[in-house]
Amino acid sequence: MYTLKNVSVNQRMSEETTCFSADVYRDGVKVISVTNRGCGGSHGYDEYVKGSLAEADAYAKTLPATVYQGVTIAPDLDSMIDDMLNEHLLEKDAKKYLKKFCFKDGGNLYTMNAMPNCATVAAYVAATYPNAIIMRDAASIIAHLRAGQ
């Protein structure tokens with residue numbers, strides 16, 4: 001199982017692609033370093049473990065194809081890293097939302113500067129937004145954010 005750790009994203013330097021650096025781990029072992037300068041094009045890779053780049057690429061090609069805006073993208077190492085990076089960013093955003101009172105209404109996500117479990121704010125939201133769904137867990141927030149992509 002591959003995971004990303006030590007992810008560093010620089011939104012200011014991101015132009016055509018996300019500018020980032022990260023370490024790729026396989027089963028808890030750091031095997032690859034990956035970077036992207038944010039100017040478009042493929043990621044750059046360095047191996048920590050010899051042969052790990054070819055192994056990760058072979059694994060990535062066994063994954064299902066990704067459909068983005070109606071276009072099917074064949075799986076490869078870059079797309080696997082992109083998917084892991086996007087998941088990391090979604091989880092990071094969800095953590096920010098969970099620090100505030102968060103609710104969904106009419107397909108939009110809203111936050112209020114209140115504790116996530118504040119009963120007074122929950123009563124206000126229920127009275128003011130009768131169709132609102134209060135979001136109290138990361139999975140529901142991530143599902144909403146993913147649907148908006």
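Positions are given from 1, in the same order as the sequence printed here.
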Check against side-chain contact (heavy atoms from CB on, under 4.5 Å), C102 and I134
CA-CA 6 Å; C102 182; I134 296 172; over 6 Å; no
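What you find for L77 and L53 is that their closest heavy atoms are CD2-CD1, 3.4 Å. Residues C19 and M13 come closest through the heavy atom pair SG-CB, 3.7 Å. Here the closest non-hydrogen pair linking M135 and L109 is CG-CD1, 3.9 Å. Closest heavy-atom contact between V49 and S52: O-OG, 2.6 Å. Nearest heavy atoms, A60 versus P75: O-CB, 3.3 Å.
The distance from atom CG of D46 to atom OG of S21, rounded to the nearest 0.5 Å, is 11.5 Å. With rounding to the nearest 0.5 angstrom, the CD atom of E16 is 10.0 Å from the CG atom of N36. In this structure, K95 NZ and I142 CD1 are separated by 9.0 Å, a value rounded to the nearest 0.5 Å. The structure places OG1 of T111 at 11.5 Å from CG of L98, a figure rounded to the nearest 0.5 Å. Between the CG atom in D27 and the CE atom in M1 there is a gap of 9.0 Å [rounded to 0.5 Å]. A distance of 4.0 Å separates CZ in R26 from CD in E55, rounded to the nearest 0.5 Å.
Residues V9 and T18 form a side-chain contact, since some pair of their non-hydrogen atoms from C-beta on lies under 4.5 Å apart. In this structure, D105 and I133 have side chains that are not in contact, with every pair of non-hydrogen atoms separated by 4.5 Å or more. Taking the side chain as every heavy atom from C-beta outward, Y97 and L145 approach each other to under 4.5 Å. The shortest distance between side-chain heavy atoms of E47 and V31 does not fall below 4.5 Å. No side-chain heavy atom of P116 sits less than 4.5 Å from a side-chain heavy atom of K99. In this structure, L4 and V24 have side chains that are in contact, with non-hydrogen atoms separated by less than 4.5 Å.
Note on residues 99-126: pairs passing ring-ring contact (aromatic ring centres under 6.0 Å, His included), not counting sequence neighbours, are F103-Y110, F103-Y129.
Between H43 and F20, the ring planes lie perpendicular to each other; the angle is over 60°, past the 30° to 60° tilted range.
D78 and Y45 are linked by a side-chain donor-acceptor pair at a separation below 3.5 angstrom, with hydrogens and angles left out of the test. When only modelled atom types and interatomic distance are considered, Y48 and D23 share a side-chain donor-acceptor pair under 3.5 Å. Between the side chains of D82 and S79, no donor-acceptor pair is found at a separation under 3.5 Å.
Under the 4.5 Å side-chain contact rule for hydrophobic residues, V29 and M84 share a cluster. There is a path of hydrophobic side-chain contacts, each under 4.5 Å, that joins V7 to Y2. Hydrophobic clustering (ILVMFWY, side-chain heavy atoms < 4.5 Å, transitive): Y25 and V34 are in distinct clusters.
Between K92 and E87 no salt bridge is recorded (no basic side-chain N to carboxylate O distance below 4.0 Å). Salt bridge E15/R37: absent, no basic N to carboxylate O contact under 4.0 Å.
Summarising the local packing, CE of M112 is surrounded by more than 12 heavy atoms from other residues, nucleotides or ligands at distances under 6.0 Å.
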